[in-house]
Asks: 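One structure follows; several queries about it will come next.
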Number of protein chains: 2
Amino acid sequence: MVVKIDDVARLAGVSKTTVSRVLNNRGYLSDATIKKVHEAMESLNYQPNAVARQLFKKETKLVGLIFPTVDNPFFGQLVAALEKRLFDAGFKVLIGNSMNDPKKEETYLKELISNQVDGLIVGAQNRGIEEYHNTNLPVVAIDRVMNEDIPVIASDNYMGGKLATELLINSGAKNIINTDGPVNLETPAHRRREAYEDVMKEHRLVPHTHIVDFSWDIEKKRSAVEEMFVEYPEVDGVFATNDMDAALIWQVATSLGCQIPKDLKIVGYDGANSTRILLPELTTIEQPVEQMAKVAVKTLVSRIKGDRNIPLEQIIPVKVWNGKSV
Amino acid sequence: MVVKIDDVARLAGVSKTTVSRVLNNRGYLSDATIKKVHEAMESLNYQPNAVARQLFKKETKLVGLIFPTVDNPFFGQLVAALEKRLFDAGFKVLIGNSMNDPKKEETYLKELISNQVDGLIVGAQNRGIEEYHNTNLPVVAIDRVMNEDIPVIASDNYMGGKLATELLINSGAKNIINTDGPVNLETPAHRRREAYEDVMKEHRLVPHTHIVDFSWDIEKKRSAVEEMFVEYPEVDGVFATNDMDAALIWQVATSLGCQIPKDLKIVGYDGANSTRILLPELTTIEQPVEQMAKVAVKTLVSRIKGDRNIPLEQIIPVKVWNGKSV
DNA sequence: GTGAAAGCGCTAACAA
DNA sequence: TTGTTAGCGCTTTCAC
């Protein structure tokens, strides 16, 4: 049998109210009582039932995280960073990998709400899910536009796109392709592409975007990349919207006899921890993951505390990771 | 105000028992009632409170995952795979990144128990935490020995170590170093080293293990690797106990003017999805992550259902990923 | 300083 | 086929 507050009370010879008081240390308690109760808890190895407490308090100290998948260097690092900050702030993490499946995202959303999470941090791909609106649950979005009153934390995507494109142009590339997901997703990440197009035009170069969807499996992505080289044989520079795509492009290019960076220059985006260890040669735009996590958690916690005076958009500067691919 | 079962009952003109019945569809219900209740739920946008249900049922449909960190290709993929299988089995995931901190692991363990998780899947580094023993909570360990009655799922570490070492020897390496974490951790992963030592001795070669602790930060690891090359200047082969270490060794070797695989042959371990995309040239032993996740979840679910007839050790075969580093 | 009692939102005997 | 009632383990008001 699991030991509960009554058992402790009985053993300590007090009422359960008193045990609850020492548990939460509030109200007047004599030192003797406190000691007795602590001893009883020790000897019974008592662990309070958080669920019962949650039901009463209407507060779970649980935060839901909805992201595409932690099987990705960027999201893995981001989720780890969020988890760390949330832990320090006293929250546990319920995770939902949406796998870019709107159905799964919606299910998760409903279940997390049903589980009474105190807040949500969302970086999944799919907008337009009704539940995000029909709730006054505190929500923070990372690099996603959810709706008008949900605060967004993002890296400086425009600056990142600009830096990447300039890096390519300055190293002599002229026929530069950008890879990106489909535009129908309204994400701040598309500002990378906007910047790319602006910079290209500034330099009187023609921008081309080739679609590589984040949710495709590896083989589908690989053929999209192969297609890209067929469609644009004159390509001498690529700005990939994430490092996994960049790595794939690198591989395909190499298999086609291209030398990097002599024949083809590549700049990626994300610069996650494990990417920088596994493929440090890739020049990339490093997202400030730790900083984003810090700001996201801070923002969410303020919202949970009832602060209504929260900036709707917080943009965090990026920096360049100098590899050897430009 | 949040809508609860009473509100639905009132609107539908029935008792809350009836609403509860249609919610869980059990017992006899007339079609008319079912319809009325569903309509009331719809129009009020009712979401049942899972916490209240959990308190009553003493079942949360929550599983805790305790792993070092999802900011790592292997653990990221493993956690994603576990989450997927658990979701399909009707469980949500509470995550705890122990960061190899025994204190944090213990705190998580206590809080997950307090949150009444139905089960635990553990792949953290630290054994000897008392709570794992003082509980009859269903627990499954991945690649870790917890205690005598906790089932362990592991890849075939011995075979992996054997394959790796043979790969190096067959490609002509003679002075082969193995990197591993400290031995004081009693993990099945050390069988990789045992196999390495056995195979080396079989070939009348001298085994040497160089310690690279998983929990060190990247700079500390890097200097450990640099030290390795100083200590063993004649090294011509390395069997690294994980791919991140292998990548680091590759980098340091290259910076020292070594050519891979001509001057130095490297075999890693793990072969996670993102590693194979970012660094496909690395020859490595691929852990059957999906399979391990599948078996782990299946085992946990049987335990949760009360099955006591569970194999204590389940070993899953590995395979070689042929890169270009041997 | 401490305890009795009510109630958080739900489910399940038991009755009807 | 449906409703009444008790209770899951905890916290908190109110009384003493």
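Just so it is clear, the values below take in all heavy atoms, side chains as well, and ignore hydrogens, waters and symmetry mates. Order of the sequence lines sets the chain letters (A, B, ...), proteins ahead of strands, with each chain counted from 1.
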Asks: Would you indicate, yes or no, if D:dT12 has its OP1 or OP2 atom less than 4.0 angstrom from a side-chain nitrogen or oxygen of A:Arg26?
Replies: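 For A:Arg26, the contact criterion (side-chain N or O under 4.0 Å from OP1 or OP2 of D:dT12) is met.
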Asks: How long is the line joining CZ of B:Arg53 and C1' of C:dC8, in whole Å?
Replies: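 That distance rounds to 16 Å.
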Asks: Classify the side chain of B:Thr17 and the base of D:dT4 as holding, or not holding, a donor-acceptor pair under 3.5 Å.
Replies: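 Answer yes: a donor N or O sits under 3.5 Å from an acceptor.
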Asks: Please state whether the base of C:dA12 and the side chain of B:Ser20 form at least one donor-acceptor pair under 3.5 Å?
Replies: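 It does not, because no donor-acceptor pair links the side chain of B:Ser20 to the base of C:dA12 below 3.5 Å.
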Asks: Could you tell me whether the side chains of A:Thr17 and A:Ser20 share a donor-acceptor contact shorter than 3.5 Å?
Replies: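 The criterion, which ignores hydrogens and geometry beyond distance, is not satisfied for A:Ser20 and A:Thr17.
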Asks: Would you say the side-chain atoms of A:Ser155 and A:Gln287 include a donor-acceptor pair closer than 3.5 Å?
Replies: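 A:Gln287 and A:Ser155 do have a side-chain donor-acceptor pair below 3.5 Å.
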Asks: Check whether any side-chain N or O of A:Tyr28 sits under 4.0 Å from OP1 or OP2 of D:dC16, and answer yes or no.
Replies: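 Answer is no, no contact under 4.0 Å.
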Asks: When you get a sec, tell me which of D:dT2, D:dC8, D:dC10 is the closest nucleotide to the side chain of A:Phe56?
Replies: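 Among the listed nucleotides, the one closest to the side chain of A:Phe56 is D:dC10.
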Asks: Determine whether the side chains of B:Ser274 and B:Gln77 contain a donor N or O and an acceptor N or O closer than 3.5 Å.
Replies: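 Result is no, nothing qualifies.
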Asks: Within the structure shown, what part of the strands sits under 4.0 Å from A:Val51 by heavy-atom distance: base, sugar-phosphate, or nothing?
Replies: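 Result for A:Val51 = nothing.
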Asks: Could you tell me the separation between the CZ atom of B:Arg10 and the P atom of D:dT2, rounded to a whole number of Å?
Replies: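 Value for this atom pair: 19 Å.
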Asks: For C:dT2 and A:Thr18 - does any side-chain N or O of the residue sit under 4.0 Å from the phosphate oxygens OP1/OP2?
Replies: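 No, A:Thr18 has no side-chain N/O under 4.0 Å of OP1/OP2 on C:dT2.
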Asks: Measure from CD on B:Gln47 to P on C:dG9 and round the result to the nearest Å.
Replies: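 In whole Å, C:dG9 P lies 15 Å from B:Gln47 CD.
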Asks: In whole angstrom, what separates B:Ile5's CD1 from C:dG7's C1'?
Replies: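 Distance, rounded to whole Å: 16 Å.
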Asks: What's the NZ-C1' distance between B:Lys57 and D:dG7, to the nearest Å?
Replies: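 Atom NZ in B:Lys57 sits about 15 Å away from atom C1' in D:dG7.
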Asks: So, OP1 or OP2 of D:dT2: does either fall under 4.0 Å of a side-chain N or O from B:Thr33?
Replies: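 Yes, such a contact exists.
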Asks: Taking for each residue the nucleotide of DNA chain D with the nearest heavy atom, is it B:Ser15 or A:Val3 whose nucleotide lies nearer the 5' end?
Replies: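 Its nearest nucleotide lies further toward 5', so the answer is B:Ser15.
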Asks: Need to verify one output field. Residue with the more 5' nearest nucleotide on DNA chain C, B:Arg21 or B:Leu55?
Replies: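 The answer here is B:Leu55.
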Asks: Just checking A:Asp6: base, sugar-phosphate only, or nothing, at a heavy-atom cut-off of under 4.0 Å?
Replies: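 It contacts nothing in the nucleic acid.
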Asks: Does A:Lys16 place a side-chain N or O at less than 4.0 Å from the phosphate oxygens OP1/OP2 of C:dT2?
Replies: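 It does not, given that no N or O in the side chain of A:Lys16 lies less than 4.0 Å from OP1 or OP2 of C:dT2.
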Asks: Just N and O in the side chain of B:Asn24: are any of them under 4.0 Å from OP1 or OP2 of C:dT11?
Replies: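 So the side-chain polar atoms of B:Asn24 do come within 4.0 Å of the phosphate oxygens OP1 or OP2 of C:dT11, strictly under.
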Asks: Below 4.5 Å, heavy atoms only, C-beta onward: do B:Ser15 and B:Thr18 meet side chain to side chain?
Replies: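 Result yes, sub-4.5 Å side-chain heavy-atom pair found.
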Asks: Any chance the rings of A:Phe214 and A:Phe75 have centres within less than 6.0 Å?
Replies: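 So the answer is yes for these two rings.
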Asks: Under 3.5 Å, is there any donor-acceptor pair linking the side chain of B:Ser30 to the base of D:dT2?
Replies: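 For B:Ser30, whose side chain was compared with the base of D:dT2, there is no donor-acceptor pair (under 3.5 Å).
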